[in-house]
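Following: one structure in structure tokens, then a few remarks.
These numbers come from a predicted model, not from an experiment.
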Amino acid sequence: DKTVYEALAAGKRDRITETAAMILASFIEKPFFSAPERESDPETITWISFAGDIMPGRGVERILQEEDGVEKIFGDTLATLQKSDYLIGNLEGAVTEEKGKVEKSYNFKFPYHVLPRLRDAGFDYLSITNNHSFDYGEKGFLDTLSNLEKAGIATSGAGKNSAEAALPRTVTINSTG
């Protein structure tokens, strides 16, 4: 089997950088757990893509409501995002209607309708373990957890209590276990 890095070096790097591939390859070639064996074409590559911070506020949430809003916001990157087998991003804010914000310099929140639109863009997982998760207090945080679940977007490292937050997230991508 080729490593991710070897596959990319062979010219299949249309959706991931060499640096990211080397980092991923270091985990894949020396895993800290045993992945189940799978029967598949060794030339098949599963694409796990990572986006940075996502802050769908300051007018973006209104554009996302439009029929072609996802296309307008993501533009030329949309096709690449949607081709990914698993797309991960960092949601910078709470998904809540809560009005009571905590006292700090910047507070971000978004209405629920942004989540299905982010799902339409291809996002499978959104991290909410960041400095804006509690911008609208515990109520806003719990609303965010509930809204992510309702939208079918995974998260981890966060929960209604520490035991729930400590649970690992396991996913099956292209029947890879």
Check side chain to side chain contact (heavy atoms under 4.5 Å, CB included) between Asn161 and all other residues, then give those that pass, not counting sequence neighbours. Ala163, Glu164
According to side-chain hydrogen bond (donor to acceptor under 3.5 Å, both in side chains), who are the partners of Thr77, at least two apart in sequence or on a separate chain? none
Euclidean distance, Asn147 CG relative to Leu115 CG, rounded to 0.5 Å: 6.0 Å
Donor-acceptor contacts under 3.5 Å from residues 86-100 side chains, at least two apart:
unit_1	atom_1	unit_2	atom_2	d
Asn90	OD1	Asn130	ND2	2.9
Asn90	ND2	Asp53	OD1	2.8
Asn90	ND2	Glu92	OE2	2.7
Thr96	OG1	Glu98	N	2.9
Thr96	OG1	Asp143	OD2	2.6
Glu98	OE2	Gly100	N	3.2

Taking all non-hydrogen atoms of both residues into account, name the closest pair between Asp85 and Ile45 and its distance. OD2-O, 3.7 Å
For Arg119 and Asp124 the tightest heavy-atom approach is NH1-OD1, 2.7 Å
Verify same cluster id: Val102, Leu145 (apolar side-chain graph, 4.5 Å): no
Pairs flagged by ring pair (Phe, Tyr, Trp, His ring centres under 6.0 Å) wherever residues 122-155 is involved - sequence neighbours left out: Phe108-His132, Phe134-Phe141
Ile48 CD1 to Ile173 CD1 distance, which is reported to the nearest 0.5 Å: 4.0 Å
With no hydrogens and no angle check, is any side-chain donor or acceptor of Gln82 less than 3.5 Å from a backbone partner on Asp120? yes
Side-chain donor-acceptor pairs of residues 56-70 under 3.5 Å, sequence neighbours excluded:
unit_1	atom_1	unit_2	atom_2	d
Glu61	OE1	Arg58	N	3.3
Glu61	OE1	Gly59	N	3.1
Glu66	OE1	Lys72	NZ	2.4

Kindly give the heavy-atom pair with the smallest separation between Asn131 and Lys104, and that separation in Å. O-NZ, 2.6 Å
Kindly write out the residues that satisfy side chain to side chain contact (heavy atoms under 4.5 Å, CB included) with Ser146, not counting sequence neighbours, or none if the list is empty. none
CG/Leu148 to CG/Leu118 distance, rounded to the nearest 0.5 angstrom? 9.5 Å
Counting C-beta onward and ignoring hydrogens, is there a side-chain heavy-atom pair between Lys109 and Asp135 closer than 4.5 Å? no
Heavy atoms of Arg169 and Thr155 approach each other most closely as NH2-O, 2.8 Å
